[in-house]
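What follows is a single structure, written as structure tokens, with notes after it.
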Amino acid sequence: MAGKPILHYLNGRGRMECIRWLLAAAGVEFEEKFIEKTEDLDKIKNDGSLMLQQVPVVEIDGMKLVQTRAILNYIATKYNLYGKDMKERALIDMYSEGVADLGEMIMHLSLCPESDTPPAEKDAKLTLIREKTTNRYLPAFVHVLKSHGQDYLVGNKLSRADIHLVELLYYVEELDPQAFGQLPSALKARVSSLLAVKKFLQPGSQRKPPMDEKIIKVKKVFRF
């Protein structure tokens, strides 16, 4: 019997958090080995785990997978969260990439420590994120859901696109809960109520809180 997937990353969100969300939504238990010091990173470099000398790394089914999208695609395929045919997978990829574009902006904003980021610079970044969220990204997903009148984005079945979007909605609300206009709230409630996701959202789970200054500094040192 295969063991639990093992995740190698910082004890923070970053590029691993969407992988944690996907595994949790699939009901898959996983272990984590946190990179906390240079020796931890050197160890996985020296054992050949880092094909491209960067994390995240996920050990699963006898493989050591790198590159976030490749990891997500494998997990989604393995646990039937990637559509029934090529057309559905293309739509799932399209929506997931849209989510990732906005998610990257939010992640980079969170990596601007208060101690060395001028308030005007951070305000400008937040304004840009707010504008793109309210005028481009979220209206597009609301339109998709309304256009076919179904519960989920693709094929009326839960997919990785739904999970990634709901993860993003939580980030948006953390950033500015009053400023982002209409959210796909029905989808958020539906996915959040799934037993596996509900468990993941509870305090003390493997879901990570927003990055603090300590994690940001470690991330910059290791260039993750």
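Here the structure is a predicted model, which means the values were calculated and not measured. Residue numbers count from 1 along this sequence.
Counting only N and O atoms by type, the side chains of Tyr170 and Glu174 include no donor and acceptor under 3.5 Å apart.
Interatomic distance, CZ of Phe30 versus CD1 of Ile6, reported as 12.0 Å (0.5 Å rounding). Distance CD1/Ile75 to CG/Leu23: 4.0 Å, rounded to 0.5 Å. The OG atom of Ser96 lies 9.0 Å from the CD1 atom of Ile163; values are rounded to the nearest 0.5 Å. Atoms CG and CD1, from Leu126 and Ile106 in turn, are 9.5 Å apart once rounded to the nearest 0.5 Å. How far CG of Asn73 is from CZ of Arg89: 10.0 Å, rounded to the nearest 0.5 Å. Expressed to the nearest 0.5 Å, how far NE2 of His164 lies from CG of Leu81 amounts to 9.0 Å.
Legend: residues meeting ring-ring contact (aromatic ring centres under 6.0 Å, His included) with Phe200, ordered by chain and number and at least two apart, are Trp21. With sequence neighbours excluded, the residues that form a side chain to side chain contact (heavy atoms under 4.5 Å, CB included) with Leu169 are Leu138, Leu165, Leu183, Pro184, Lys188.
Looking at every heavy atom in both residues, Val166 comes nearest to Leu187 through CG2-O, 4.0 Å. The two residues Leu65 and Ile71 come nearest to each other via the heavy atoms O-CD1, 3.5 Å. Minimum heavy-atom separation, Val66 to Gln54: CG1-O, 4.2 Å. The shortest heavy-atom contact between Met16 and Pro56 is CE-CB, 3.3 Å. Of all the heavy atoms in Ala25 and Ala196, the pair that sits closest is O-CB, 4.0 Å.
Checked options Arg15, Arg13, Arg20; the residue passing with Glu17 is Arg20 (criterion: side-chain hydrogen bond (donor to acceptor under 3.5 Å, both in side chains)).
No side-chain donor-acceptor contact under 3.5 Å links His8 to the backbone of Leu41. No donor-acceptor pair closer than 3.5 Å links the side chain of Asp101 to the backbone N or O of Gly98. In this structure a side-chain-to-backbone donor-acceptor pair under 3.5 Å is missing from Lys208 to Gly14. Side-chain atoms of Ser192 do not come within 3.5 Å of backbone N or O of Ala189 as any donor-acceptor pair.
Put simply, the side chain of Leu91 does not reach to within 4.5 Å of the side chain of Val144, judged on heavy atoms. Between Arg160 and Asp93 there is a side-chain heavy-atom pair separated by less than 4.5 Å. No side-chain heavy atom of Lys33 sits less than 4.5 Å from a side-chain heavy atom of Ile44.
Counting only residues at least two apart or on different chains, the salt bridge (charged side-chain N to carboxylate O under 4.0 Å, His left out) pairs with a member in residues 189-205 are Asp151-Arg190.
Hydrophobic cluster membership differs between Val57 and Phe34, with clusters built from Ile, Leu, Val, Met, Phe, Trp and Tyr side chains linked at under 4.5 angstrom. A single hydrophobic cluster is seen to contain both Met63 and Val55, as judged by linkage of ILVMFWY side chains at heavy-atom distances under 4.5 Å, directly or through other members.
Classification of Asp40 and Lys43 as a salt-bridged pair fails, no side-chain N sitting under 4.0 Å from a carboxylate O.
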Can you check side-chain contact (heavy atoms from CB on, under 4.5 Å) on Leu102 and Tyr171, steps first, answer last?
CA-CA 10 Å; Leu102 182 56; Tyr171 290 171; over 6 Å; no
